[in-house]
Every structure is written in C-alpha cells, then in structure tokens.
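Just follow the structure's listing: the first ligand is 1, and inside any ligand the first atom is 1.
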Amino acid sequence: MHYGADYNPEQWPEEIWPDDVARMREAGVTMVSLGIFSWARIQPREGEFDFAWLDRVIDLLHEGGIAVDLATATASPPPWASAAYPELLPQDENGSVYWPGSRQQFAPSSPVYRRLAGELVTAIAARYAQHPAVVMWHVNNEYGCHLNMDYSDAARDAFRRWLADRYGDIDALNVAWGTNFWAQRYQAFDEVFPPRKAPYSLNPGQVLDYHRFTSDMLLECYLMERDLIRAAGATQPITTNFMGAFKPANYEQWAPHLDLISDDCYPDPNDPESFRAAAFQRDLVRSFKPDVPWYLMEQATNALNWRPSNAPKAPGQMAALSAQAIGRGADGILFFQWRQSRAGAEKFHSAMLPHAGTDTRTWREVTALGADLAKLPQLPVGGRDARVAIVFDWENWWAVEASDHPMNGLDYVAVVQRWYRALHRRHVQVDLVPAARVDDRYALVIAPLLGLVREEDAAALTSFVGGGGHLLAGPYTDVVDEADRFRVGGFLTQLGEAFGVRLEDFGALVAPDAPSSTPGEREARFGGAAIIESVGTLLAEEIHVTDAAVEASFIGGRRDGDPALTVRRTGDGTARYLATVPDERGVQAVVDHVLADAGVEPVVAGLPEHIEAARRGSLLTLVNHGGAAAEPVEVPVTGTDAITGETVERVRLGAYDWAFVLSADEGR
Ligand code: GLA
C-alpha cells in the first residue's frame, strides 16, 4: 500500500527539502510523484538539461526511504517552447489559440510538441531508468484535462492521416459519413477538416470520428513516452493518471497499455451524495484491469480551489473516501499535493502539509491515516467479485450526446449513474464494462442508453441471455451502427429478437418531466397491480411486444396504456426492455425488481443507505458516509480487523468511520 502525493520541490528553496523528507516520514509517506510540472527547470533551453537539482532531490528522498513515481514532465511545455514553436499551441473550434500562461498548452498531434517531449523523456529516462528510488513512471499528467479537443492545423493534418488509415480510400469514408447528405461528398482526404465551427449541424459521423481521433492522439502521446522509457531499459511499471469517466479519452482502449491504472478523484464535499459518484469512479477504474490493483493517484486532503464554492471536507471524510478507494481495489492512496503552494493558481488548494502548518486538522488526519495504512497486510486483489455489471461505453457516450437527437442535451453519465446509485444504495457490488466484456460471470447486466451496438456487443449480450443471464436495457437501445448510421430494417435490428420487442418511435418527453396522473387516478385504474410507480424521463418510446410479457405500462401522457417495461424469458435468462428512463425512485424500483429476479445478494444485508459495503476478495470494507447528523450504526460481521489484527464480531460506525474486515473463512 503506497501513501503519498505529488511533490513539487522546485516551488521551494532547497533548504526546505530535508524538512519535507522528515515530515513525509512522520506522515507515513512511502512514495511521491515527482517532477510533473518540472519541464522548465529540467530543460531551461532547447538542447540544455539541468538534472543536478533533480539528482539531489531524488537522492534525498531515497536516503529518507521515500520511493519515487517519476514523472516525464511533459504536461506543461516551458515558455521557450511556445515562443520558438507557436505551431505547437492548440486551438479551439473557432481557431482561437490557447496561449501560454497556464498549463497543458500543447496540441497532442503537433509534430514539434512530440519531438520536444520525446527529447525530454529520452533524457529523463536515460538518467533515472536504473535509479533505485524510482519505482514507477508517471507519464505526462491528466491527458486532455483542460484541452478536451484540439482543432489546430496540426490536428487537421493528423486527422487526415488518421482517416486515410482508418478508411483506406475516400469512398469508404463517404459511405461511413453518409456524405451524399448536404453535398458533403469528398474527393480526397486532403479536403477534410476537423469539425470546426460551421454554420449549422456538423456531420455526425465526422464528429464521432473526431472523438475517436482525439482519444487516439492523446494515447499516441502516452505510447510514445512509454516506449521511450522502455527503450532506456526501465523495468518499473508505467502509468498515466486517469480522471474516471472522462469523455475525451476512451480509457477502456487505453487500459491495456498501462501497467497499472491510476486515477484522480475529487468528490465535492458540498454534495452529500458525492460518495456514490466516487464509488462509481472507483468501480469504473477497477473494471479496466480487474486482476491488478489500481492507485488513487490524486485526491484532496481538504478543500479545492477550482469549484465555484470550495467547501472543506468534514472531519474524517478524507480517510473515509480513502477507505472507500481501498475497498474498491486501490493499493495506493495519494494526494495532490505534498506541501501547499505559496504562489500560483493552486495556492488555496489543500495539501498533506497545509500552509497553516502541522497544528491543523488536516495534518492530524493525514498522519493518522498514514499510520493506519502502514499496518495493513497485503490485501487480496479482488476485482472479480461483482455479479452485476452496468454497461459503460465511450463510443455510446460520444454518439448519444451528439446534436440532432430526439432528446438533445442528454447527459450519458448522469443516466448511467442513476442506475449505479440504485445498486449502490442496495450494497450490491458492480463492475462497469463495455458490452463486449459481458460474460456469464455476471447474473445481471444493465445497459442504459446502448444506442450504438457493434456486432460483438450484440453477440455478447445475446449469448449472456442465452446462458441464463438477466439483461435489462433501454430506452434508446440498438439504434445505430459504429458510424452512427441507422441500420437497414428499423431499430433493435440485432437485439429485438432477444427482447421480443419492436421499437417504432422514441417519443421525447419535454423537461421537466411531471406525473400526468394523480395517485387517485392510478389507484382507480390499476389497484395494487402496478409494480413501479414513477415518472418517466427523457423518452417514452413506442414499443410493440412481439414475444414478451408486459411488466409495467405507461399511465397518462401520449403513451397511456402502452408497454413501458417488458420481459422475455428464455430458459433461466431474461431480457427486459424499458421504454423510458424512470426517475430516481422508478430506477430504484426496477433495480429492486431485477435484483430479486436475478437472485443477486447484497455485500451485506440490511444496511442503511449511507453505509457503504464493498467486497475485495476476502476483504469487506464498511464506510459510514452519513456525516455527523446520521445515527451511528452497528453492523454484525465476523472476521479480523485488517489494521489491528483483532477478531471482530461487530463494527460500530459513527460519522465517517470505516472498517476493513478480513473474513475468517477465506483467510488473509
Ligand atoms: C489535477 C491535476 C493536479 C492539480 C489538481 C488540483 O488533478 O493533476 O496537478 O491541478 O488537479 O485539484
């Protein structure tokens, strides 16, 4: 278990460094991420490197027993680079340049940026590949974080090459993008531009490919650096820090190229439910590489600087969220950053060592957590405990949030998280995977908004149901192909048979959605028969049952009396189609219904909703996220406390308390 932070020693006089190391030891720090924003210090001019200071700080850390996650420093090019090569600066869709003065001002596809970054990484890797302090490599930093999409001329040229590679000849692109529409037919790849600002709606195939291209350009930067590090003979694991469900980068495709997944996560203390969003993020990153523990590479000890209102974390909340991450697979708990900055845009951002010093709540909580984590034994990897999966798919995210849909402005992650929250409230362990990774390990699979269905997705879901699995999907399922075109033959062309349903129309609802009948009217019509009573949101699709039973119907509105939820049973399996996105209450009711049908048990039964329970092999993690207002809870659970080694029969959880219990039967 690693404990530590980003360390930015170049922001401090060298006399402070020994004190840093001493304090790190006091706090239980075992590893720091070093040099993330050090390019200007390491390379003051092109062709000139200054490693003397970095040698000294790495040696100092090593002597102090602190391991180094060494960054490649390419995340923020120095001023000389943009002055000499302005063509490396990125641009937005209007052609406005992102100027220097902040960070991340580089076009990922810029040949000159890549050359300069490559030279820097080559020099760093040559110098430190064999250094005993270096235990991990931290490539760049949060690729794409501020600069989601680049539309520069470098991007234009790279996009043309990327398209030529993907399609081979221009006619294949014309077919994929449907360019006979609006006279968009291309004669050559050199006629294609990025989807820059245009008079009206852009070609959806072009926009979808631009998402793929953007993710690929960022990934190419990562791969270039990774290969240079390896070429220098480095054998340590290589990572780059993810940001959970981050739209510009398709991490599902990136994950195989990382030795271990690391993730940055900043739940908002102003939001009492943000712990569920944090749990979602942990489960997503664990699901990328279930057989390898991941690292929480950055979180805040306390307040941030970048939200409109930056509330402090409540006493104990930082440790509770750290315990949550470990319970959901993390083997590293790290922060941004070690020592709070004196200057710069992040000087109000909390750190392990606050500007106000060591007589602070933050410091006491930081050292207490460090001491606890130091007592942990080697934890099981876990990663394959979930019997429920939610389908999460970047290409669907990109496609469904594009313009010109029945329901514009739809928020893909918000819909997926509505389903996740309902499972989390029931203490059910969940993986988040693309459809093609669904297999018979799962009893229940929920696929919200799976509009873009590839053949392998349809094959995996069909065989899952055929093998006795329980599938719940819809609305807006199986609508388009990989190029965002309708398939011939209507909708649900691949999965309609499995659901026993035909989809005729989408039936967008006007927001805000409101019930169109009173409880009295519903009672009069349906008595006690309704299993779900909730307001549909976003869509109320017109579906026709061809070979399924109706489990719930729309009441009121234009679909009054029509099927809302259907089920087709085949052997032990079920395929349910839901023609709307129910509100929070309705999603909970549907989840309860399908969990019961699929026979899925909670990690721990009978817990209140603010108590979190997570399973990691033989490790059970319990966390009370309820805050000071919530009643303490006693949970009967037998095993060994992973920190004290004592036998436990029950745990008592006050506000933000947490417990790690190793089950006796499965051993440690
Ligand atoms: C990101 C960055 C860090 C820092 C933090 C602040 O995660 O990677 O460098 O800016 O945000 O929250």
Side-chain angles (χ1 to χ4, degrees), residues 4-12 31-41 69-78 98 100-106 108 136-148 218 221-222 225 239-249 251 254 258 261-271 274 277-278 281-282 284-285 294-313 317-318 321-322 325 330 332-355 362 366:
D6 286 14
Y7 181 37
N8 299 301
E10 68 269 44
Q11 294 180 15
W12 298 94
M31 182 177 82
V32 292
S33 301
L34 184 67
I36 294 176
F37 296 105
S38 303
W39 192 342
R41 278 297 297 272
D69 167 35
L70 189 58
T72 57
T74 53
S76 198
Y98 292 94
S102 178
R103 64 175 176 186
Q104 214 174 71
Q105 71 287 355
F106 63 86
M136 198 188 303
W137 290 88
H138 185 297
V139 170
N140 201 276
N141 189 64
E142 294 190 340
Y143 272 115
C145 171
H146 310 298
L147 204 107
N148 293 178
L218 293 167
C221 289
Y222 169 80
E225 295 200 16
T239 191
T240 185
N241 43 348
F242 285 178
M243 291 160 281
F246 177 65
K247 190 174 176 184
Y251 291 152
W254 287 46
L258 275 65
I261 305 295
S262 61
D263 187 60
D264 300 351
C265 183
Y266 291 94
D268 185 356
N270 275 323
D271 174 2
S274 63
Q281 186 163 336
R282 325 275 195 221
L284 177 67
V285 299
W294 58 277
Y295 280 32
L296 177 56
M297 189 59 93
E298 288 182 28
Q299 63 169 342
T301 57
N302 204 333
L304 303 177
N305 63 303
W306 47 262
R307 285 207 170 93
S309 163
N310 293 293
K313 284 186 169 158
Q317 195 172 18
M318 177 277 284
L321 287 163
S322 306
I333 298 294
L334 299 104
F335 299 89
F336 177 84
Q337 58 176 330
W338 161 248
R339 186 189 280 270
Q340 187 169 358
S341 298
R342 265 194 69 197
E346 295 184 320
K347 62 182 175 298
F348 286 103
H349 194 294
S350 59
M352 292 183 90
L353 181 51
H355 188 65
T362 298
V366 159

Region of Met243 engaging ligand 1 - heavy atom pairs below 4.0 Å = neither
task = Please state which part of Asn141 comes within less than 4.0 Å of ligand 1, counting heavy atoms only: side chain, backbone, both or neither.
result = side chain
message = Just checking His355: does its NE2 atom have more than 12 heavy atoms from other residues, nucleotides or ligands closer to it than 6.0 angstrom?
response = no
key: Tyr266-Trp306 aromatic ring centre distance below 6.0 Å   = yes
request  = Measure the acute angle between the ring planes of Phe242 and Trp254, then classify it against the limits of 30° and 60° as parallel, tilted or perpendicular.
outcome  = perpendicular
inquiry  = Using 0.5 Å steps for rounding, measure from the OH atom of Tyr7 to the CG atom of Leu353.
reply    = 10.0 Å
task = For atom 3 (C) of ligand 1, find the nearest protein heavy atom and state the residue, atom name and distance (0.1 Å precision).
result = Glu298 OE1, 3.4 Å
query = In terms of atom number and element, which parts of ligand 1 are under 4.0 angstrom from non-hydrogen atoms of Phe37?
reply = 9 (O)
key: ligand 1 versus Arg103: contacting region, heavy-atom distance under 4.0 Å   = side chain
task = Looking only at protein heavy atoms, identify the closest one to atom 6 (C) of ligand 1 and say how far it is in Å.
result = His349 NE2, 3.1 Å
query = Short list, please: which atoms of ligand 1 are under 4.0 Å from a heavy atom of Tyr266?
reply = 5 (C), 6 (C), 7 (O), 11 (O), 12 (O)
ask   = Taking Glu225 for the side chain and Val139 for the main chain, is one N or O donor matched with an acceptor at less than 3.5 Å?
value = no
query = Who's the nearest protein heavy-atom neighbour of atom 10 (O) of ligand 1, and how far?
reply = Glu346 OE2, 2.3 Å
message = Go through it in stages, so that I can follow the logic: the residues are Ile36 and Arg103, the test is side-chain contact (heavy atoms from CB on, under 4.5 Å), and I'd like the CA-CA distance, side-chain angles, deciding distance and then a yes or no.
response = CA-CA 11 Å; Ile36 294 176; Arg103 64 175 176 186; over 6 Å; no
task = Find all atoms of ligand 1 within a distance of less than 4.0 Å from any non-hydrogen atom belonging to Glu142, and give their numbers and elements.
result = 1 (C), 2 (C), 7 (O), 8 (O)
request  = Please could you name the atoms of ligand 1 that Asp264 approaches to less than 4.0 Å, counting only its heavy atoms?
outcome  = 7 (O), 8 (O)
inquiry  = For the residue pair Glu346 / Ser341, report whether a side-chain donor-acceptor contact shorter than 3.5 Å exists.
reply    = no
